[in-house]
Structure formats: C-alpha cells, structure tokens
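Report on the following structure.
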Amino acid sequence: MSDTEIPETRIGTETDEAAGVRFPDPYRWLEADTAEVNRWQDAQGAAAAAYVRDWPHFERMRELVERYDSERFGSVPAFAGGYWFRIEAVPGAERPSVLMSGEPYGEGRVLFDPGTENPAKPPFPSWISPAPDGRVLAVGVCTDGSERNTIRLVDTETGALLPDPPPQPLKDSWTGGAKWLPDSSGFYFTATDADPVSAAHRIVLHLRRGTPSTVDIEVPWLPGDDYRAVLASADGRRLVAVQGLFDPVPVAVAELTDPGAPHWRPFVTDPALNLAGFLLGEEWIAVTDAGAPRGRVVAVGLDSPDPNDPGTWRTVVPESEAVVRAVRPVGDVLYVHEFLDTYAGLRIVDREGTPRGTVALPGNGALGELPFAIMNILGPVPEDQLVFSFSTLTSSWGTYRHRPGTTVLETLREPATRLENCVVEDGWSTSPDGTRVPYHLVRRRDLALNRPRPALLWGYGAFGAPWLPQFPGAMAAFVASGGVFVHTHLRGGGELGRDWWEQGRMRGKQNGYADLYAIAEDLIATRVTSPNLLALSGASNGGLLAGVGATQRPNLFRAVVPRVPLLDLIGACRDGYDRWVIDSDFARVDDPEEIRRLAGFSPYHLVREGVDYPAVFIEAGHTDPRCPPWHARKFAARMQAATAGDSPVLLHIWRDSGHGWATDRELLLTQETESLAFLAKVLGLTPPD
C-alpha cells in the first residue's frame with residue numbers, strides 16, 4: 001500500500017446497546033488503542049495529508065493561516081501583588097512561556113519556561129494563577145495535549161520552582177486552576193481521581209503554602225458529577241462552594257476560619273436554578289434566568305430564609321430586550337455584559353441597580369469569555385478596574401481597560417491581526433417552525449455576490465454556550481482566498497437567552513440542525529452560494545453538527561469538515577464523561593425512547609449504503625479527553641464503506657493533540673492548514689499571492 005492509499009478496513013459483527021436498545025456496531029474494534037488500530041489510523045492520516053499536500057497552494061495557505069491565527073478565547077493578564085502575569089509565545093521557544101511585568105503587556109521577565117523542564121518534550125502551560133501577594137505563581141502544565149495537567153509552583157522573585165507541588169492531576173483548566181485564599185496562605189483546586197478521558201468525578205483539595213500535602217475538602221455537594229469548585233470571597237471572610245458547568249449555583253458557604261476543614265451550611269441547593277456570580281459582603285450577586293429567560297441580575301442574601309425561592313431574591317438589573325450574560329463587580333459598581341442581536345454590550349450599575357453609564361466598545365463584536373458559565377466566575381475579583389478582551393468578525397482579540405467613573409476606554413493591546421477591506425453583513429433566516437435565526441456573513445469587499453460563491457458555514461449550538469461573533473482566526477484565510485464565511489447562531493446556544501437554549505436541547509435538539517439547514521437554504525435561495533460550493537465545519541459539538549449535516553442532508557453540502565467531533569452518540573453512553581454530556585443536553589440515557597431519538601442524530605448511525613456523500617475530512621486528537629478519537633475512526637470507516645460517489649472521505653488523527661485546549665500552536669497551525677486546504681481544493685478556491 002502506498003502512502004496515498006486509504007487502507008482497507010475490516011468489518012466486525014459486534015452490536016452496541018443503550019437502555020436495552022441494540023444497534024449494529026461493525027467498527028467497534030476501532031475503539032481500542034491497539035497496534036492494529038494505530039497502524040490503520042496512521043495510514044489514514046498519511047492518505048489525508050497526501051491529499052491536501054498534493055494541492056499546489058498548500059504552503060501559501062499555511063502562510064495565511066499563520067497570519068490570521070489568533071487566540072480561541074480572549075484572555076487578559078492576571079494582576080497580583082503589583083505585577084501582571086501572562087502566558088505568551090517567546091521567539092525561538094517551542095512552547096509559550098509565563099511572563100511577569102510591571103504593566104499588563106510590558107517587557108516581561110520569564111518566570112516559567114517549559115523548555116527548561118523537559119527540553120526534549122516541553123510541556124504546555126494550560127493556566128496560571130498568581131498568589132494575591134504576587135510572591136508565588138501556580139502554573140498548570142500538560143505534557144500530551146490531553147488537558148490533564150499538574151501544578152508547578154514558582155517563586156516569582158527568583159524564578160525557581162518550589163519543591164513538593166501537589167501531585168494530584170487536574171482533568172482540565174475549566175475550574176480555574178489554583179484559587180488562592182486572599183492572604184496567599186494556600187489555594188483550592190479541583191482534581192480528578194481517575195482516568196481523565198472517561199472520568200466525570202471531581203474532588204476539591206486544599207494546599208497550604210509551604211507544605212507538601214493536600215487536604216480533601218468535604219462539601220455537601222448536590223448529587224451527580226458536575227463540575228465543582230471552592231473559592232474565597234474577595235473580602236476573605238467566607239468560602240463558597242459552586243457546582244454546575246452550565247447552570248452554576250452556590251451550593252454551600254462557610255466562614256473562613258479553618259481553610260482545611262470548613263464548616264459548611266447549605267445555601268442554594270436547587271440544581272434547576274442558574275446563579276453565576278460572586279459573593280459580595282452579605283449577598284451573592286449573580287446573573288440568573290430564573291423567571292427571566294433573557295437574564296437578569298439578582299442578589300441572594302446569605303441570611304435568606306429560603307434562598308431557593310427566587311421570590312426572596314433582590315432584583316438588581318431587571319430583564320430587558322438585551323440578553324444578560326455576566327456580571328462583574330469592580331469597586332462599588334457592577335459591569336453587566338449583555339447581548340443585543342448577538343453583539344456584546346457593556347453597561348455599569350451600582351449595587352442597587354442604578355445606571356452609571358455604558359462602555360463604548362470598539363465596534364460590533366464580542367467580549368472575551370469562556371464558553372460555560374462556571375468558567376467565568378472562578379477568577380479573582382478586580383479591585384478598581386475592568387480589564388477585558390474584545391474582538392469583531394474582522395479583528396482579533398484586543399485588550400482594553402475601563403475604570404469606574406471615567407469615560408475613557410484604554411487600549412492595552414491592539415488586535416494582532418485584521419481582515420482588511422472586508423465587510424460583515426447580518427442576516428436572518430426562518431426555520432421550518434417559524435423561528436427567525438440570525439447569522440453573519442464575512443466577505444472581501446471586492447467580492448461581489450452577483451453569482452454563487454464558495455461559502456463556509458461554521459456553528460456550534462449546544463449547552464447554552466453562545467457562539468460569539470468574534471474573529472474567525474485561521475478561517476479568515478478562507479475569506480482572504482475569496483470565500484464567504486458564515487457565522488451561525490443556532491438554537492441550543494445561549495445567544496438569545498434561555499429559551500434559545502431550551503428549544504435546541506433534549507427533545508428540541510433537531511431544531512438546531514433545522515436552523516442550520518434554513519440558513520444554508522437561505523444562502524442558496526439568495527444566490528450567495530450553491531450546494532456544489534457550500535461547505536460546513538465545526539469543532540467539538542460543532543464537529544457533531546458537521547457530521548449530522550453530512551448524513552441528514554448530504555445533498556446540501558459539497559464539503560464537510562468535522563473537527564474533534566463526537567459522532568457515535570450511542571457508544572458515547574458507555575463513557576463516563578460523555579454519558580454525562582449526553583444526559584445534560586441530548587437525551588436521557590436510561591430511556592429507550594430517548595435512545596431511539598438520540599440515534600436519529602448520531603452521525604455514525606445515520607450513514608447509509610449507496611448515498612453520494614459530500615467530500616469529508618475528519619480531524620481528531622489522539623489524546624482528546626472529551627471527544628475520543630474512536631468517534632472519528634468509526635465514522636470515517638463507515639462513511640468510506642458506504643459512500644457511492646467519488647468524493648473523498650479522509651481522516652487525520654494527530655498524536656500529542658487533544659481537544660485544542662492544550663495543543664501546541666505549531667501543530668494547531670498545521671491542523672488548520674490541512675482542513676482549509678481540503679476545503680479550498682474541493683471548492684476551487686485559490687489563496688491570493
């Protein structure tokens with residue numbers, strides 16, 4: 001077999017079962033990480049790489065990808081002890097380093113260089129957390145792209161690693177790494193006590209500074225294995241235990257007398273509530289959608305006789321036409337982050353809700369935030385300034401600072417890259433049930449839409465996570481090459497409030513896919529594009545979206561690129577973490593009727609013999625803890641065997657690469673280039689000189 005040949009794939013006779021419902025599973029053997037599977041996987045990767053590198057413009061596409069590459073999520077430096085700390089690429093270094101400086105982006109001193117720890121295979125710094133006094137920096141390092149990380153402690157004066165860091169691994173960075181006590185005496189962190197790929201269980205530990213051992217913190221958690229964390233209030237008086245990735249609630253509070261053995265009392269114990277916020281004085285100030293689908297800001301008193309009753313909460317900012325996303329306390333005021341027709345707004349109120357003005361943002365775009373609610377409330381509360389990132393569909397993340405009482409928005413760091421001479425056009429399509437669905441087009445100004453053009457749909461639509469109208473990063477190369485980039489807002493996300501999420505989850509899951517097809521059909525009807533020029537891509541749940549589109553509506557798309565995807569939703573029910581994911585947003589995994597419905601949008605189970613499928617390029621990470629690579633392997637094998645047309649079905653699974661949260665930049669650039677080269681080759685795009 002030559003390097004460009006797709007290997008033969010044996011077909012098994014296994015079956016799968018969920019809630020008593022059985023399904024043929026002919027490629028079950030590809031779930032194992034055996035020598036046979038690895039040989040097959042590597043041969044598939046070689047064939048995929050050969051196909052895209054045979055395109056004569058591959059290296060030029062790589063140059064464009066590198067030019068437009070930008071942060072996935074807008075980040076800002078961390079401030080502590082009079083200094084700023086940041087993760088940043090250093091010229092000549094294989095991995096980014098951790099820098100310390102007197103200004104947010106001042107000339108920095110390298111505190112942690114991954115290359116000095118292991119020159120042969122430097123680890124990836126997943127997160128940083130400086131102690132409030134600035135004397136010690138905690139760094140989470142990952143060695144294999146899987147997100148599983150361990151903590152290093154650095155003396156910020158000398159740069160030396162401190163002895164005896166905690167040995168317990170963290171599953172990922174989603175709970176903020178180290179959450180320091182205000183007196184810098186120690187920190188809490190959320191660890192895993194099992195395999196990070198399949199584990200859903202998490203434990204919270206306390207480390208006292210200067211000691212080698214940790215203490216397991218007992219908390220009256222709610223049932224289930226949802227994300228959880230413990231952190232201290234800014235005033236140092238109390239601890240709060242927070243649980244819930246998508247709908248976080250402060251389940252318990254304790255006086256901060258003994259950090260290693262808090263005496264908890266239950267607080268908000270209804271998991272159906274959503275209270276993402278901060279403990280300020282005697283109140284929990286938070287955003288909620290309880291009784292307000294578009295969100296409001298409330299205060300829940302610590303002395304409330306029934307904190308589970310929204311009727312006892314004090315409304316600070318009532319519901320309005322804007323979708324309230326987050327609240328951030330700074331000094332005596334609150335900054336309220338909201339969406340209006342998917343674009344970000346930022347207003348200021350005092351703690352009673354009295355308006356104190358708005359912040360003039362640098363265009364229509366997105367404020368930097370992480371995708372799930374709990375991830376945005378676990379950092380330290382700033383004292384006198386709001387430092388935030390902001391991006392638009394044509395400019396990458398810049399960093400800005402606003403101080404209460406001023407009208408000046410300071411630019412701390414300009415966007416690193418822009419799509420010059422491009423326009424953004426807002427559109428709305430109508431889904432079959434009559435729901436209006438927003439989307440945005442990005443194209444070169446000189447690209448007239450007087451005939452169908454190559455177009456790329458990109459979306460997500462799940463878990464209440466908003467698909468922010470931010471810079472498309474490497475995909476800007478598609479626009480620069482003469483394509484139309486289509487940023488979609490599908491039901492299942494949070495862009496238009498709680499109802500938008502609920503209409504696209506569980507029994508409403510198909511609505512999000514219907515929204516996608518409605519946008520595609522709108523673009524075809526208006527001659528922006530045509531089915532032979534239309535592509536679909538997405539990552540993670542967006543990778544599932546791409547797989548669903550390819551199998552439910554194969555005639556609607558010319559090319560489909562599922563990236564780090566979940567594709568076998570029945571098999572995922574056997575995995576601890578993905579079972580929890582499916583049970584949270586897709587279907588009840590113990591209900592046979594629900595399992596049958598789940599199979600109706602499980603791409604692996606939708607593949608049919610004799611269908612002329614679009615060209616497909618499936619990309620996954622070998623160490624992915626969220627969407628394990630066997631999803632991509634099984635789907636690729638079934639598609640290759642079933643497709644009746646000549647369009648290629650290719651698979652590339654990358655070593656030392658996971659879900660993208662801890663993957664080396666150079667490897668990410670190569671991954672982006674391959675997927676974009678595939679799309680350009682199939683659609684007939686040529687990158688500019």
Side-chain angles (χ1 to χ4, degrees), residues 246-247 272 274 289 291-295 319 321-323 339-343 425-441 455 457-469 486-529 531 534 536-538 541-557 560 566 569 582-588 591 593-603 605-606:
F246 313 124
D247 287 326
N274 178 0
D289 50 35
R294 299 181 76 85
E319 185 181 27
E321 288 301 307
V323 175
F339 300 151
L340 191 59
D341 288 342
T342 77
Y343 291 119
E425 296 164 305
D426 301 330
W428 293 80
S429 65
T430 302
S431 216
D433 65 357
T435 300
R436 297 181 71 238
V437 183
Y439 62 90
H440 312 292
L441 301 184
L457 284 163
W458 179 263
Y460 189 80
F463 310 114
W467 203 232
L468 302 178
V486 187
H487 183 104
T488 66
H489 297 285
L490 312 175
R491 277 179 288 181
E495 299 94 323
L496 299 182
R498 184 74 187 208
D499 290 346
W500 197 250
W501 178 14
E502 294 294 344
Q503 290 172 23
R505 73 187 299 207
M506 304 307 282
R507 290 187 175 275
K509 197 68 186 173
Q510 187 63 36
N511 286 334
Y513 306 131
D515 294 347
L516 174 74
Y517 308 145
I519 294 172
E521 289 164 349
D522 189 46
L523 297 173
I524 293 167
T526 55
R527 292 181 55 79
V528 170
T529 189
L534 182 58
L536 168 64
S537 186
N541 182 77
L544 168 62
L545 176 77
V548 173
T551 49
Q552 286 189 348
R553 296 290 301 274
N555 296 328
L556 193 56
F557 305 101
V560 176
L566 199 67
L569 302 185
I582 288 172
D583 207 43
S584 297
D585 212 64
F586 296 174
R588 299 300 178 206
D591 183 332
E593 180 184 347
E594 286 279 277
I595 289 297
R596 293 186 185 95
R597 181 178 62 79
L598 182 68
F601 59 91
S602 175
H605 298 88
L606 291 175

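Heavy atoms only: backbone and side chains are in, while hydrogens, waters and symmetry mates are out. Here the structure is a predicted model, which means the values were calculated and not measured.
- The CH2 atom of Trp428 sits 10.5 Å away from atom CD1 of Ile519, with the distance rounded to the nearest 0.5 Å.
- Atoms CZ and CD, on Phe586 and Glu594 in that order, are 12.5 Å from each other to the nearest 0.5 Å.
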Subject >> Step-by-step side-chain contact (heavy atoms from CB on, under 4.5 Å) determination, Leu441 to Tyr439 >> reply: CA-CA 7 Å; Leu441 301 184; Tyr439 62 90; 3.8 Å; yes
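- The aromatic rings of Phe246 and Phe463 lie parallel to each other, their planes meeting at an angle below 30°, with 60° marking the opposite boundary.
- Residues Thr488 and Gly459 come closest through the heavy atom pair OG1-CA, 3.2 Å.
- Between atom CG of residue Leu556 and atom CD1 of residue Ile524 there is a gap of 5.0 Å, rounded to the nearest 0.5 Å.
- When atom types are taken as modelled, the side chain of Asp585 and the backbone of Arg505 share no donor-acceptor pair closer than 3.5 angstrom.
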Original post:
When you look at Asp426 and Asp341, which way does the side-chain contact (heavy atoms from CB on, under 4.5 Å) test go after all the steps?
Top reply: CA-CA 10 Å; Asp426 301 330; Asp341 288 342; over 6 Å; no
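- Evaluation of the salt bridge (Lys or Arg N to Asp or Glu O under 4.0 Å) test over residues 510-522, restricted to residues two or more places apart or in two chains, returns Arg491-Asp515, Glu521-Arg553.
- The two atoms that bring Ala462 and Lys509 nearest to each other are CB-NZ, 3.5 Å, heavy atoms only.
- In this structure, Glu321 and Arg294 approach most closely via the heavy-atom pair O-NH2, 2.6 Å.
- When atom types are taken as modelled, the side chain of Trp500 and the backbone of Leu490 share a donor-acceptor pair closer than 3.5 angstrom.
- Phe601 and Leu544 make their closest contact through O-CD1, 4.0 Å (heavy atoms, listed as atom of the first residue, atom of the second, distance).
- Closest approach of Ala599 to Leu606, counting heavy atoms only: O-CD2, 3.9 Å.
- From Glu495, atom CD reaches atom OH of Tyr460 across 11.0 Å, with rounding to the nearest 0.5 Å.
- A salt bridge does not link Glu593 with Arg596: every distance from a Lys NZ or Arg NE/NH1/NH2 to an Asp or Glu carboxylate oxygen is 4.0 Å or more.
- With values rounded to the nearest 0.5 angstrom, Arg597 atom CZ is found 12.5 Å from Ser602 atom OG.
- Residues satisfying the salt bridge (Lys or Arg N to Asp or Glu O under 4.0 Å) criterion with Arg498, sequence neighbours excluded, are Asp247, Asp289, Glu502.
- His487 and Thr342 are not linked by any side-chain donor-acceptor pair at a separation below 3.5 angstrom, with hydrogens and angles left out of the test.
- Ring geometry for Tyr517 versus Phe557: interplanar angle of 30 to 60°, hence tilted.
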Original post:
Where do Asn511 and Thr435 land on the side-chain contact (heavy atoms from CB on, under 4.5 Å) test, with the steps shown first?
Top reply: CA-CA 9 Å; Asn511 286 334; Thr435 300; over 6 Å; no
Original post:
Is there a side-chain contact (heavy atoms from CB on, under 4.5 Å) between Leu523 and Leu457 once you walk through the steps?
Top reply: CA-CA 10 Å; Leu523 297 173; Leu457 284 163; 4.1 Å; yes
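- For the atom pair CG of Leu598 and CG of Asp591, the computed distance is 11.0 Å after rounding to the nearest 0.5 Å.
- When all heavy atoms of Gly538 and Ala546 are compared, the pair lying nearest together is N-CB, 4.4 Å.
- Within the 3.5 Å criterion, the main-chain N or O of Gly600 finds a donor-acceptor partner in the side chain of Gln552.
- For Arg588 (side chain) and Asp583 (main-chain N/O), a donor-acceptor pair under 3.5 Å exists by modelled atom type.
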